[in-house]
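The sequence lines fix the lettering, A, B, ..., with proteins before strands; numbering per chain opens at 1.
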There are 2 protein chains.
Amino acid sequence: MSAPRQRVTLRDVAARAGVSVAQASFALNGRGRVASATVERVRRAAAELDYQVDTRARQLRTGQRAAYGVVIRNMRNPYFLDVLRGMEVRAHRQGAFLLILSSDYDVERESAALRRLSAEGVAGLAIAPIGRRGPFRDWLPGRPHLPVVAFNCTPDPEGPFGERVSTVGPDDGAAISLALEHLRARGHRDATLVMAPEGLAADWGREEEFHRRCAEWGLSATVVRCPLDHADVARMAAERMRAASGHEAFVVNSDHLGTAVYEAARALDLRVGRDVSVVAHDDLPTSALLDPGLTTLRLDRELLGDHVMRLLSEPGAPEAVRLPVHLIDRGSVATLSRPS
Amino acid sequence: MSAPRQRVTLRDVAARAGVSVAQASFALNGRGRVASATVERVRRAAAELDYQVDTRARQLRTGQRAAYGVVIRNMRNPYFLDVLRGMEVRAHRQGAFLLILSSDYDVERESAALRRLSAEGVAGLAIAPIGRRGPFRDWLPGRPHLPVVAFNCTPDPEGPFGERVSTVGPDDGAAISLALEHLRARGHRDATLVMAPEGLAADWGREEEFHRRCAEWGLSATVVRCPLDHADVARMAAERMRAASGHEAFVVNSDHLGTAVYEAARALDLRVGRDVSVVAHDDLPTSALLDPGLTTLRLDRELLGDHVMRLLSEPGAPEAVRLPVHLIDRGSVATLSRPS
DNA sequence: ACGTTCTGATGAAACGATTAACCATCCGTT
DNA sequence: AACGGATGGTTAATCGTTTCATCAGAACGT
């Protein structure tokens with residue numbers, strides 16, 4: 001009765017239903033011409049044996065796969081989590097699922113992840129690429145038929161993505177404008193943009209827009225590339241604050257970096273929102289809990305994920321989707337009565 | 001030269017190296033007897049063609065798969081993320097990777113996830129089960145050979161897991177003891193344990209230990225099951241505080257629930273750490289940012305993930321691993337001068 | 001010169017599903 | 001009686017790898 005059978009195969013089901021393997025396959029997938037009585041019998045047999053298709057065999061034959069690969073930069077960043085969730089919801093609706101790997105800001109691992117996912121035969125690939133010309137770029141031409149979507153990166157016509165891949169990300173231009181407008185309305189005359197290390201994140205568009213806007217609005221602009229490590233960022237921010245002649249206003253590229261500014265301020269006995277100002281990107285869950293709350297640029301991250309999946313599952317001409325961003329004012333920007 | 005070939009297969013490599021498919025396979029996997037010159041030729045051919053094994057075909061033949069399935073409860077909980085990271089690090093070391101699905105606290109989805117992962121032919125399955133007898137239980141006997149590890153749940157000898165599956169989780173007994181000891185040392189005479197909704201999380205062990213310890217130390221004990229939704233928890237906590245005759249001390253089963261207590265307190269104009277006391281579980285990143293910081297029970301979550309992977313990849317007799325927990329005092333517990 | 005071992009290589013059978021190409025009835029028409 | 005068309009079913013090829021069984025020579029000892 002209960003021999004230690006290794007695995008229930010379609011052959012077993014067919015045998016039990018007294019029918020050929022082909023007919024069993026047709027019956028279960030509702031594809032060929034098969035008598036309704038037979039369908040019933042096969043279904044019952046499958047249920048009784050607790051049969052599960054071996055998706056690998058199926059894929060091998062059909063070449064199709066209901067799985068998408070995702071390469072994110074970091075497993076611990078709630079930002080990516082929400083994106084993943086957005087992707088997952090849509091994937092789930094179409095019966096697919098996600099193969100998630102993280103590059104951990106390491107080009108070696110990013111490259112390995114890409115190889116791996118392609119070997120797994122995913123139906124499409126989403127990636128939050130590292131830097132400007134990581135392995136991503138070299139790797140693309142080798143898989144001419146694989147739909148690829150890059151997210152959280154600036155579309156760069158002459159950059160890594162070329163004609164083939166769609167991009168989805170925040171509307172960086174609008175975001176920077178919002179931030180600067182917010183500062184300007186409160187009497188600020190200069191701003192410092194704090195960016196992730198060169199070549200790690202993919203936020204090249206923001207710098208450009210920052211300079212453009214500052215010029216347009218007559219703000220004095222500074223751009224700083226900073227280390228990724230939290231403590232180092234805090235140190236650097238403290239450095240700048242100490243050296244600053246007047247009021248220092250930071251526009252930082254993530255909430256993570258934003259909290260570092262808080263730490264720096266605390267170390268110097270300065271109060272954020274009075275002595276120092278910060279506008280951040282991302283709106284992580286922690287940001288509302290800070291004191292004062294972190295004024296930040298928010299983007300619907302699940303929506304972003306949804307767009308990524310959409311582009312992956314309905315391939316067409318590549319798009320460059322820029323999602324709207326809005327500013328959440330929590331008071332981390334000071335109001336200056338007179339120019340600093 | 002560059003015909004739109006669909007995919008580079010081992011046959012192509014073999015052809016280019018002027019050798020049979022078998023020999024090519026042996027050469028690449030270093031398995032059979034093959035001349036070193038041939039190995040070199042095949043390797044070069046593979047590199048030139050940018051060949052990638054089709055893991056599905058390989059798996060179909062070998063029956064083995066370098067992927068493990070994970071079913072977590074929620075994609076957005078940083079707790080699980082750290083666990084995943086722990087798993088991923090070990091998996092990565094052995095060249096395997098993770099198939100992650102989330103049940104979203106829905107038994108239907110948990111069940112679907114299990115089916116799916118087993119159809120994918122994973123080499124093992126880790127699950128943070130929902131409730132006491134979810135689909136998990138019914139599903140187990142059908143796959144007698146699949147290694148399964150449950151995490152973040154109390155091992156329950158007569159419960160869902162039986163003899164087959166290992167469990168990994170916090171040492172709930174020790175955790176509750178720590179919390180109560182902390183309260184007692186500060187003059188508290190009663191405690192309220194706030195638990196997740198019946199049948200959702202898997203923390204049955206804590207309640208038991210809570211009663212035992214309270215009895216032993218002469219504390220008056222109350223246990224509350226609460227809704228999962230944040231706002232509802234806050235409402236309930238406020239209710240209790242208002243009705244309370246003396247000082248209210250909560251031991252809550254997650255930091256998530258803990259912050260709800262903060263909100264309730266704020267709504268009633270009470271100060272946590274003075275008028276109300278809280279000890280939580282998990283130590284999420286947000287907890288240190290609250291004011292006052294949330295006193296919480298911390299567990300090395302990556303270590304937990306590491307253990308899960310270990311048990312999955314080196315199957316043996318089932319173990320019930322309980323990881324040490326320590327208390328992080330951030331001041332959310334008041335010191336009472338005299339008994340309340 | 002002849003059997004024996006050893007080396008390097010090959011052919012073909014799996015793995016478990018899908019599916020194109022046939023085949024056998026049976027029913028109704030001409 | 002012969003034929004055309006449904007209808008329900010079967011056979012066998014195929015997907016890309018791995019691996020078992022086999023084989024042609026070379027090397028070697030007697």
Side-chain angles (χ1 to χ4, degrees), chain A residues 5-43 45-46 49-67 115-116 118-123 143 145, chain B residues 5-43 45-46 49-67 115-116 118-123 143 145:
Chain A
R5 86 198 115 76
Q6 200 62 356
R7 184 184 175 90
V8 178
T9 164
L10 186 56
R11 199 193 330 270
D12 304 331
V13 175
R16 176 175 255 253
V19 84
S20 76
V21 199
Q23 217 44 358
S25 172
F26 285 140
L28 290 179
N29 301 339
R31 219 166 281 255
R33 282 181 316 213
V34 36
S36 57
T38 312
V39 171
E40 193 44 48
R41 233 170 340 124
V42 172
R43 285 238 181 88
L49 294 175
D50 194 17
Y51 166 73
Q52 278 290 126
V53 281
D54 185 323
T55 56
R56 297 165 296 178
R58 166 184 286 173
Q59 287 159 28
L60 183 56
R61 180 62 229 259
T62 65
Q64 317 239 311
R65 166 146 217 200
R115 270 203 306 279
R116 173 128 233 177
S118 118
E120 283 285 324
V122 293
R143 272 97 200 144
H145 299 301
Chain B
R5 85 199 114 77
Q6 201 63 355
R7 185 183 175 89
V8 177
T9 164
L10 187 56
R11 199 194 329 271
D12 304 331
V13 174
R16 176 175 257 252
V19 85
S20 76
V21 197
Q23 217 42 1
S25 173
F26 285 140
L28 291 178
N29 302 338
R31 219 166 282 255
R33 281 183 317 215
V34 35
S36 58
T38 311
V39 170
E40 193 42 50
R41 233 171 340 125
V42 172
R43 285 237 180 91
L49 295 176
D50 194 16
Y51 165 74
Q52 277 291 126
V53 282
D54 185 323
T55 57
R56 297 166 295 179
R58 167 184 286 171
Q59 287 159 28
L60 183 56
R61 180 61 230 257
T62 63
Q64 317 239 309
R65 166 144 217 200
R115 269 202 307 279
R116 172 128 234 176
S118 116
E120 282 286 324
V122 293
R143 272 97 198 145
H145 299 302

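B:Ser118 and A:Gln52 make their closest contact through OG-CG, 4.2 Å (heavy atoms, listed as atom of the first residue, atom of the second, distance). Contact detail for A:Gly18 and A:Arg41: the closest heavy-atom pair is O-NH1, 4.1 Å. Scanning both residues, B:Gln64 and A:Arg56, for their nearest heavy atoms gives O-NH1, 4.4 Å.
The phosphate of C:dT19 has OP1 or OP2 within less than 4.0 Å of a side-chain N or O from A:Arg31.
Contacts of B:Arg115 classified as side-chain hydrogen bond (donor to acceptor under 3.5 Å, both in side chains), with partners at least two apart in sequence or in another chain: B:Ser111. Partners of B:Val34 according to the side-chain contact (heavy atoms from CB on, under 4.5 Å) rule, which considers only residues two or more places apart in sequence or in another chain, are B:Gln23, B:Phe26, B:Ala27, B:Thr38, B:Val39. Among residues two or more places apart in sequence or in another chain, the side-chain contact (heavy atoms from CB on, under 4.5 Å) test is passed with B:Arg16 by B:Ala45, B:Glu48, B:Leu49.
In this structure, the CZ atom of B:Arg33 is 6 Å from the C1' atom of C:dT7, given to the nearest Å. To the nearest angstrom, C1' of C:dT19 lies 15 Å from CG of A:Leu28.
Atom-to-atom distance recorded for A:Thr55:OG1 and B:Leu60:CG is 10.5 Å, nearest 0.5 angstrom. Distance CZ/A:Arg43 to OG/A:Ser36: 10.5 Å, rounded to 0.5 Å.
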Can you give one letter per nucleotide of nucleotides 10-17 of chain C, going 5' to 3': B for a protein heavy atom under 4.0 Å from the base, S for sugar-phosphate only, - for none?
BB-BBBBB
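A 4.5 Å side-chain heavy-atom check between B:Leu28 and B:Val53 finds every atom pair outside the cut-off. Inter-residue side-chain proximity for B:Val42 and B:Val13 is flagged as met; some heavy-atom pair is nearer than 4.5 Å.
Mapping heavy-atom proximity under 4.0 Å, the span of DNA chain D touched by chain A runs 5' to 3' from D:dT7 to D:dG16.
Overall, the helix from C:dA1-D:dT30 to C:dT30-D:dA1 carries an axis bend of 70° between its ends, with five pairs at each end and the value rounded to 10°.
Within the nucleic acid shown, A:Thr55 has no heavy atom closer than 4.0 Å to any nucleic acid atom.
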